[in-house]
Amino acid sequence: MTRPKRPKYKGSGRVFKNPFLERLTKTHIAVPLVLFTIISCCLVYYGIIEKGFSTPVMVLLFITGAFVFTLIEYLFHRYIYHIKPHTHTLESMSYKMHGIHHDYPKDKQRLAMPPVLALIVATFFFILYRAIMGDYVFGFLAGFLMGYTLYLTVHYSVHIFKVPNNFLKTLWYHHAIHHYRQPNKAFGVSSPFWDHVFGTMPELRKPDTKTGEYIDKE
Ligand SMILES: [Zn+2]
Ligand SMILES: [Zn+2]
């Protein structure tokens, strides 16, 4: 692990000395997007064709799953990725999971969890939700995983693409504030909804009338 003294913002950090393990920590963004979209489609197909769920029920489960994902996304980012490490091991793990992204936020190959790890986490959620809700898991998890792909798309876009000149620009500013000004605020990436609910919205001035930019309070 090579940790810069202060954030580089450009370039790429190193997680493992072993080149094979190091390679596994990187991914092209298209890999998880395609992978989880296919899995989601299979889950919907299986729910309707094999388990006999009606389309309206599947739609409802799908929307609920996507909504629950946004909560899990917020809680993961706030309490797991930004855990306060008390030991050296925990600090090292925390850095590998998320600290490295704060140091190299524009590293295109580390804007998504490695797909192998993401598949393991998705399997854990499948087992958990199956135990809670039985066969409803197919529609629910399909929405949950599409919530994840939407989150990945937003996160990749805000780091790689220019700020759009439309309503989506709030997402760019929201995540930029988390990265560059107030890392203990603005944990929601796909939307600021849960930041409003849990009181972690950054305090913003109104957009500057000339530049249209939002500037956070000093
Ligand atoms: Zn963060
Ligand atoms: Zn980010």
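Whatever order the structure lists them in is the order used to number ligands and atoms, beginning at 1. In this text, all values refer to a predicted model and were calculated from it rather than measured experimentally.
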Report task. Check the side chains of Ser190 and Glu73 for a donor-acceptor pair under 3.5 angstrom, ignoring hydrogens and angles. Result -> yes
Query raised in the report: Asn184 and His178: side-chain donor and acceptor closer than 3.5 Å?
Result: no
Geometric class of the [Y]/[X] ring pair [parallel <30°, tilted 30-60°, perpendicular >60°]:
| X | Y | answer |
| --- | --- | --- |
| His175 | His179 | perpendicular |
| Phe138 | Tyr46 | tilted |
| His77 | Phe187 | perpendicular |

Query - Hydrophobic cluster identity match, Ile160 and Leu152, side-chain contacts under 4.5 Å - result: yes
Query - Residues Lys26, Asp107: salt bridge by 4.0 Å N-O rule - result: no
Query raised in the report: Taking the Zn ion (ligand 1) as the centre, how many protein N/O/S atoms fall inside a distance shorter than 2.8 Å?
Result: 5
Query raised in the report: Can you name the N/O/S atom of His159 that is nearest the Zn ion (ligand 2)?
Result: NE2
Query raised in the report: Closest N/O/S atom of His155 to the Zn ion (ligand 2), by atom name?
Result: NE2
